[in-house]
A.B. asks: 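Sharing a structure below in structure tokens format, with a few things to ask.
All values reported here derive from a predicted model rather than from experimental measurement. Note: hydrogens, waters and symmetry copies are ignored here, and every other heavy atom, side chains too, is used.
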Amino acid sequence: MEFSKAYRYMNDKLEMEARALLEMGTIHWKTQEYDKALTATREAYRLFNEVWKRLQTDHDRVTFADTFGFVESGRLLQQVLSQLKQPENALEAAELARAQSFELLLAEQRLDKSNILNTSTKPTLLKEGMTLPWETLRETAVRQRACIIFYSAVEVDKLLVWVLRSSDGSLAHSSTISTTAESTSLHMLVETMRRTMGARARTQTRSSRNLMDEVSPSAFDESALHVHIERLAQEIKESKNIDSEKVADVYNPLSEISKEMTTVLLKRAYKVLLAPLEAALGDEKELIIVPDRALYGLPFAALIDDTGRHLVEKYPIRIVPSIGTLVQIEKRADESEEPCPTADTTIEETAAKNTEEWMEKWGFMEDGYMNPDDRQTIISTSLKDVLQFSEDDVEFFSFKNAGAKKEFKEALKQSNEARVRVVLVGNPTFTGWKKDGKEHLIQLRGSEKEADEIKSVFTRLKPTIKCELVLREFATKEYVQRQMETSNTSIIHLGTHGSKDGVYFAGKSEEEATLSMAEVQELTLRNVDLVVLSACDTFKGDLSSDGVVGITRAFVAAGANTIVSSLWKVSDEATGVLMKLFYENLLDDEHADTARAMQRAMNAMIH
């Protein structure tokens with residue numbers, strides 16, 4: 001149902017009452033009558049949430065959650081609670097305002113797959129599931145063993161920030177951050193940095209009832225941005241004596257002036273967003289960052305402190321849309337009917353460390369089962385090579401009877417089917433169709449080399465993991481989709497072009513080649529631990545109170561636990577080097593998770 005149609009069925013009186021209360025709360029806020037402001041604003045936000053709960057689709061919930069009244073009541077409530085020295089309650093309100101549509105979607109799909117979701121459970125889910133009390137927020141930091149930094153953009157130039165300790169989940173810091181000292185809005189600071197680093201403009205189609213212009217991602221004054229960039233470029237040219245560079249070169253990430261500007265902006269962003277938190281971070285080992293609005297476009301890992309170190313040099317970093325999203329993913333993993341395979345564990349048949357152990361598990365070491373010399377030949381062969389035996393290879397050996405030979409073939413088949421799988425897609429053939437009927441997408445030959453090198457990494461470090469290499473004309477949407485949904489697939493690596501609405505593969509038409517966001521969301525990724533979108537500018541999507549509504553969100557909704565994607569277009573060569581280092585670190589250290597593996601890969605490239 002379209003949002004406009006759904007809205008007509010809402011209780012107009014309820015929303016009108018909420019708006020009146022919000023207006024009253026705003027007046028009390030401006031006159032510094034904070035207790036009265038709290039009463040009015042809290043009730044307004046409750047009523048807006050009641051309207052939200054009546055919506056039936058994820059699209060309608062996301063759209064309504066971004067309307068002016070809903071957003072402003074949540075922001076004002078956070079500010080009032082902070083002013084009244086209630087930081088824990090303010091964080092609860094901020095969490096409730098963040099990604100609750102996504103959290104509900106994950107909860108619904110989780111319960112639906114468990115055959116628990118029905119007409120009786122949904123009201124309870126809506127009433128209780130999306131509201132996380134302080135204790136749950138605290139416990140999540142402890143379970144994740146990471147320090148949580150939570151940002152909330154309450155005004156154009158003002159952020160609220162909270163820091164939760166990993167040790168006990170206690171509140172280590174809460175404050176208000178202003179960007180006025182930098183003579184620019186937070187959005188301007190982030191977008192200036194993105195452009196000088198080679199990112200393109202973000203665009204978004206907005207509802208007429210969407211958020212106020214000054215904070216909407218698409219309502220950005222491009223002319224003001226260019227003026228700001230040129231002014232900053234001129235300042236840096238004069239201070240660095242860069243006389244030969246033209247102003248236009250600031251948009252070339254390889255130019256001297258662009259590199260200088262990027263360094264300045266990365267330092268400014270750190271000064272504004274992280275420097276005030278340094279004391280609270282103390283000896284923390286890992287960060288989980290919950291951004292808001294424009295901050296989703298910020299490369300947190302690259303921010304530079306006053307000693308010249310990037311943030312990623314100090315901490316592994318994870319980015320999440322909300323704490324509740326982590327909670328839902330944890331519940332999904334706990335309730336999974338099938339054990340989730342990882343790079344270090346496989347099911348019983350392929351958990352063998354060597355061929356002899358595998359033979360023992362299947363009973364092939366018994367005397368008389370097969371010719372002793374043949375058995376010794378097999379034992380002296382690596383398990384990886386044994387599992388790749390063809391039927392002709394098996395015919396070469398002597399077994400006690402035809403039944404024993406059949407059992408051996410069946411063992412090979414089952415072991416191969418049960419092996420943890422990695423799906424590696426590179427350089428799909430785009431010549432069969434034209435984007436928007438105009439031209440073919442550029443072939444990504446570097447992604448083909450990247451996929452092949454990643455397969456070599458797995459062969460060298462984890463030979464029992466089966467890699468499905470899908471390249472060129474074989475990388476059709478239908479085939480890749482089938483491979484991704486195989487139950488023992490653990491990692492999906494897509495080296496292809498992407499957009500906010502989907503990813504592209506080989507095919508005879510654009511429709512046949514496009515795996516849309518809606519189609520991704522309908523996939524069943526039973527045991528997928530990681531999806532890597534190694535494509536140009538896969539961080540596309542609409543920025544909203546629900547986070548980035550795009551292809552990355554869809555993969556998480558389909559079942560993936562972790563997504564790795566790019567913030568903007570990057571070169572084939574640099575991506576290939578980073579991905580190879582990432583997988584080497586992921587597989588070589590049994591204690592390395594995705595965040596730590598990426599940290600080590602990035603640090604290797606920095607140094």
A.B. asks: How would you list, by chain and number, every residue that makes a ring-ring contact (aromatic ring centres under 6.0 Å, His included) with F430, sequence neighbours excluded?
C.D. replies: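 For F430 the ring-ring contact (aromatic ring centres under 6.0 Å, His included) partners, ignoring immediate neighbours, are H497.
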A.B. asks: The test is side-chain hydrogen bond (donor to acceptor under 3.5 Å, both in side chains); show your working for S534 and E450 and say whether it passes.
C.D. replies: CA-CA 9 Å; S534 181; E450 173 184 305; 2.7 Å; yes
A.B. asks: Hey, could you give me the CZ/CD1 distance between R421 and I491, rounded to the nearest 0.5 Å?
C.D. replies: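 Interatomic distance, R421 CZ to I491 CD1, rounded to 0.5 Å: 12.0 Å.
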A.B. asks: Spell out, as yes or no, whether a donor-acceptor pair under 3.5 Å connects the side chain of Q599 to the backbone of V312.
C.D. replies: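 Checking the backbone N and O of V312 against the side chain of Q599, a donor-acceptor pair under 3.5 Å is found.
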A.B. asks: Quick check for you: to the nearest 0.5 Å, what is the distance between M359 atom CE and I378 atom CD1?
C.D. replies: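 Output value for this atom pair is 4.5 Å.
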A.B. asks: Which residue pairs satisfy the salt bridge (Lys or Arg N to Asp or Glu O under 4.0 Å) criterion with at least one member in residues 422-449, sequence neighbours excluded?
C.D. replies: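 Matches after skipping sequence neighbours: K435-E510, E448-R472.
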A.B. asks: Please list all pairs passing the ring pair (Phe, Tyr, Trp, His ring centres under 6.0 Å) test where one or both residues lie in residues 463-496, with sequence neighbours left out.
C.D. replies: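 Those involving residues 463-496 are H493-Y583.
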A.B. asks: I'd like to know if R600 pairs up with E584 as an ion pair, taking the criterion as any Lys NZ or Arg NE/NH1/NH2 lying under 4.0 Å from an Asp or Glu carboxylate oxygen.
C.D. replies: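 Answer for the salt bridge query: no.
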A.B. asks: Indicate yes or no: does D168 engage R138 in a salt bridge with an N to O separation below 4.0 Å.
C.D. replies: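 So D168 does not pair with R138 through a salt bridge.
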A.B. asks: Output all residues satisfying side-chain contact (heavy atoms from CB on, under 4.5 Å) with D452, sequence neighbours left out; order by chain, then residue number.
C.D. replies: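 Applying side-chain contact (heavy atoms from CB on, under 4.5 Å) to D452 gives L469.
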A.B. asks: Decide, yes or no, whether a salt bridge links K400 with E407 under the criterion of side-chain N to carboxylate O below 4.0 Å.
C.D. replies: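 Between E407 and K400 there is no salt bridge, as every charged N stays at least 4.0 Å from the carboxylate O atoms.
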A.B. asks: Parallel, tilted or perpendicular: which fits the ring planes of W362 and F364, with parallel below 30° and perpendicular above 60°?
C.D. replies: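 Because their plane-to-plane angle is under 30°, the rings of W362 and F364 count as parallel.
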A.B. asks: As an exercise, state the distance from CG of L164 to CZ of F150, rounded to the nearest 0.5 Å.
C.D. replies: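 Separation between the atoms: 9.5 Å.
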A.B. asks: Rounded to the nearest 0.5 Å, how far does CG of L441 lie from CZ of F505?
C.D. replies: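 Going from CZ on F505 over to CG on L441, the span is 12.0 Å.
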A.B. asks: How long is the straight-line distance from NZ of K314 back to CG of N603, given to the nearest 0.5 Å?
C.D. replies: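 N603 CG to K314 NZ: 12.0 Å, rounded to 0.5 Å.
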A.B. asks: Between the side chains of T459 and S456, is a donor N or O closer than 3.5 angstrom to an acceptor N or O?
C.D. replies: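 On atom types as modelled, these side chains do not qualify, holding no pair under 3.5 Å.
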A.B. asks: Anything under 30° is parallel, anything over 60° is perpendicular, the rest tilted; go ahead and classify F399 against Y369.
C.D. replies: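 Geometry flag for Y369 against F399: perpendicular rings.
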A.B. asks: Mind checking ring-ring contact (aromatic ring centres under 6.0 Å, His included) for Y315 and listing every partner two or more places apart, or none if nothing turns up?
C.D. replies: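 Y315: no ring-ring contact (aromatic ring centres under 6.0 Å, His included) contacts found.
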A.B. asks: Just verifying a value: how many Å separate S398 OG and D373 CG, rounded to the nearest 0.5 Å?
C.D. replies: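 Atom-to-atom, S398:OG and D373:CG are 9.5 Å apart.
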A.B. asks: Between R143 and E330, is there a salt bridge with N-O shorter than 4.0 Å?
C.D. replies: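 R143 and E330: salt-bridged.
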A.B. asks: Which residues satisfy the salt bridge (Lys or Arg N to Asp or Glu O under 4.0 Å) test with R145, sequence neighbours excluded?
C.D. replies: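 Result, salt bridge (Lys or Arg N to Asp or Glu O under 4.0 Å) vs R145: none returned.
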